[in-house]
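First the structure, in the form of structure tokens, and then the observations on it.
Sequential numbering from 1 along the given sequence is applied to the chain's residues.
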Amino acid sequence: MPFTFNVASLIYILFDDFMSEIKRGIGHKDIATYLVQGKQRHLVKEKKEKRIMKAVSKTLFSFETQYEEEPEEDEQVVDLSIKMRQAEILRAEILLHDLESYMDGIDVAFEEMLQIVYLNFIAEIKEKGNTSQIQKALIHKINS
């Protein structure tokens with residue numbers, strides 16, 4: 001049977017590697033910082049400030065400030081189905097619950113955690129290039 005490798009497979013491998021790194025002893029504060037910075041970098045959209053003049057009476061006007069998210073022109077959204085064991089999902093959700101005290105009131109859902117891990121990986125590829133070290137690490141993960 002041929003082996004298929006797609007984006008969902010890559011996300012699962014990256015998630016598994018992320019959770020393995022946590023098992024090796026990375027501190028909760030470091031993980032929380034990674035997730036918060038990743039969310040702010042990849043998932044939080046910039047808001048544009050807009051001032052609107054409204055009439056209070058015939059001769060009196062007031063300014064109101066509104067904030068609107070600017071749509072990204074090149075933004076693409078894809079829905080993926082990733083098969084995972086329930087135990088893995090629960091372990092990740094427990095981790096996120098344990099990290100709450102380090103996250104400065106910023107909530108990160110399980111799905112967002114997957115997005116952050118994937119988008120940070122893609123950003124690293126764009127920054128450093130697709131090195132042979134990354135390729136070998138992926139092939140090793142696939143074979144294990």
Separation of M19 CE from I31 CD1 (nearest 0.5 Å):
8.5 Å
Ionic contact status for R91 with E88, cut-off 4.0 Å
no
Set of residues satisfying salt bridge (Lys or Arg N to Asp or Glu O under 4.0 Å) with respect to E112, sequence neighbours excluded:
K39
Please examine the side chains of L119 and L43, heavy atoms only from C-beta on, and report whether any two atoms are closer than 4.5 Å.
yes
Identify whether L99 and L90 are in the same connected component of the hydrophobic contact network (ILVMFWY, side-chain heavy atoms under 4.5 Å).
no
Got a sec, which pairs hit salt bridge (Lys or Arg N to Asp or Glu O under 4.0 Å) with one end in residues 92-103, sequence neighbours left out?
none
Is there a chain of hydrophobic side chains (I, L, V, M, F, W, Y, each step under 4.5 Å between heavy atoms) that links Y34 to V108?
yes
For N6, I'd like to know if atom CG has over 12 heavy atoms of other residues, nucleotides or ligands within 6.0 Å.
yes
Nearest 0.5 angstrom please: Q115 CD to L35 CG, how far?
12.0 Å
May I ask you to test the M84-F110 pair for a side-chain heavy-atom distance under 4.5 Å?
yes
Cluster overlap F121 with V117, hydrophobic side-chain contacts below 4.5 Å:
yes
Under the rule for side chain to side chain donor-acceptor pair (under 3.5 Å), what residues qualify as partners of Y118, not counting sequence neighbours?
none
In terms of hydrophobic clusters joined by side-chain contacts under 4.5 Å, are I122 and L80 together?
yes
So, T33 and D30: side-chain donor and acceptor under 3.5 Å apart, yes or no?
no
If Ile, Leu, Val, Met, Phe, Trp and Tyr residues are connected whenever their side-chain heavy atoms lie under 4.5 Å apart, and connections chain through other members, are M103 and I22 in the same group?
yes
Note, F15 side chain near M113 side chain (heavy atom, < 4.5 Å)
yes
Looking at CD1 of I26 and CZ of F18, how far apart are the two atoms once the value is rounded to the nearest 0.5 Å?
7.5 Å
